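Notes for the one structure printed next.
What you are looking at is a predicted structure, and each value in this text was computed from that prediction instead of being measured.
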Amino acid sequence: MTEEEILTIKSNIANIRSRMDLATQKAGRDPKDITLLAATKMNSAERVQAAIRCGIRCCGENKVQELLDKYELNAYEGADLQFIGTLQTNKVKYLIGKVSLIQSVGSIHLGEVIAREAAKRNTVQDILIEVNIGLEEAKSGILPQELFSCIEELSALSSLRIRGLMAIPPVADANTGNTAYFQQMQRLYEELKSRDYPNVKADTLSMGMTDDFEDAIACGSTMIRLGTAVFGRRNYGSAEV
């Protein structure tokens, strides 16, 4: 990496922190209550390490193989590592012991597989329940009306600890944004915190990305997942998006 690239990442992170401070001030919240997670998808181990040296303390990876490749290169050293992408059940075994949190548990079956793999290793795996808050057929996640029956089943598994909820709302409307979806997620999160389940420690509401994280903070998010805002636009093959 060039010094200019490193300085750009450093500047990006400083800008994000400034925007977080302003958003939390408007919402009457403490910036310390919100975790900035850097979504490291399609960024090299060198770029991830640069971001960590510039102050990132939490990284999230979307693909298991990419995580394993970069893990071998010590890409995440100095930061907490979480998994935030769609997870196939046959890949679960590769994550246990490497990630502190699996955010994208969007089915009872996936949760059960994670529980079995964690039990084999005599450990407890922290997870978030992914909610399909936009009721989108093409997206994974538990439907809101099925959320608490799902939690009731998974909370009975002693090798899981449910830490809260995660969502990826539909593409934001130019006029209204994602506020309505974020507000729905906040209500579900508060309901979860009010209920008494075993193996549940509800302290995380993961929502908000580069284009909408300030709205998410206003609606109670405790973790925002930012990729483009930290690293700049990724190069997907021949086109910049």
Side-chain angles (χ1 to χ4, degrees), residues 8-43 47-48 51-52 54-62 67 76 78-86 99-106 126-134 139 141 163-173 176-190 192-193 202-234:
T8 296
I9 291 175
K10 185 175 182 180
S11 175
N12 289 345
I13 294 170
N15 179 56
I16 293 165
R17 295 288 187 192
S18 178
R19 291 170 63 186
M20 288 176 66
D21 287 346
L22 183 58
T24 52
Q25 182 180 359
K26 287 181 178 179
R29 302 183 61 197
D30 188 338
K32 294 179 182 178
D33 293 336
I34 301 162
T35 298
L36 167 59
L37 177 147
T40 52
K41 170 181 161 183
M42 296 187 71
N43 283 284
R47 288 175 63 79
V48 175
I52 292 170
C54 291
I56 290 295
R57 292 294 172 261
C58 184
C59 295
E61 201 64 72
N62 285 73
L67 182 150
Y76 314 105
D80 181 44
L81 176 59
Q82 303 184 12
F83 190 78
I84 61 175
T86 301
V99 300
S100 66
L101 183 66
I102 297 175
Q103 294 203 21
S104 46
V105 179
D126 284 350
I127 65 169
L128 300 183
I129 304 299
E130 181 177 358
V131 181
N132 185 348
I133 197 62
K139 281 187 181 175
R163 296 285 300 277
L165 307 177
M166 176 265 223
I168 305 173
V171 175
D173 179 272
T176 61
N178 278 329
T179 298
Y181 295 115
F182 291 148
Q183 289 172 338
Q184 290 177 54
M185 285 299 302
Q186 184 181 31
R187 288 193 290 270
L188 291 171
Y189 178 60
E190 293 301 327
L192 173 60
K193 290 197 295 182
D203 60 5
T204 303
L205 177 57
S206 175
M207 61 183 191
M209 297 188 286
T210 290
D211 292 333
D212 57 17
F213 72 86
E214 286 139 323
D215 288 339
I217 288 172
C219 294
S221 174
T222 70
M223 179 179 290
I224 55 175
R225 310 179 306 271
L226 308 187
T228 300
V230 174
F231 296 103
R233 294 193 178 277
R234 302 174 181 92

Examine distances only and state if a side-chain atom of [X] and a backbone atom of [Y] form a donor-acceptor pair shorter than 3.5 Å.
X	Y	answer
Thr40	Gly60	yes
Tyr189	Thr204	yes
Glu214	Ala23	no
Arg29	Ser221	yes
Thr222	Leu205	yes
Thr35	Met223	no
Lys139	Pro169	yes
Asn43	Lys41	yes

Between [X] and [Y], which heavy-atom pair has the shortest distance, and what is it?
X	Y	value
Leu226	Leu36	CD1-CD1, 3.7 Å
Ile52	Ala79	CD1-CB, 3.7 Å
Ala167	Arg225	O-NH2, 3.1 Å
Ser206	Gln103	OG-OE1, 2.7 Å
Ile56	Ala38	CG2-CB, 3.7 Å
Ala39	Phe231	O-CE1, 3.6 Å

State, yes or no, whether a side-chain contact exists between Ile9 and Ile13 at a heavy-atom distance under 4.5 Å.
-> yes

Validation row: Ile224, Met20 side chains within 4.5 angstrom (heavy atoms) | yes

Check against side chain to side chain contact (heavy atoms under 4.5 Å, CB included), Met166 and Val105 | CA-CA 9 Å; Met166 176 265 223; Val105 179; over 6 Å; no

Start with the C-alpha distance between Met185 and Cys219, add both sets of side-chain angles, then the distance that settles side chain to side chain contact (heavy atoms under 4.5 Å, CB included), and finish with yes or no.
-> CA-CA 8 Å; Met185 285 299 302; Cys219 294; over 6 Å; no

Using a strict 4.0 Å threshold on nitrogen-to-oxygen distance, state whether Asp80 and Arg57 make a salt bridge.
->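 Salt bridge absent between Asp80 and Arg57.
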
If you measure from the Lys or Arg side-chain nitrogens to the Asp or Glu carboxylate oxygens, is any gap between Glu190 and Arg187 under 4.0 Å?
-> no

What's the verdict on side chain to side chain contact (heavy atoms under 4.5 Å, CB included) for Tyr76 and Leu67, showing C-alpha distance, side-chain angles and the deciding distance?
-> CA-CA 9 Å; Tyr76 314 105; Leu67 182 150; 4.1 Å; yes

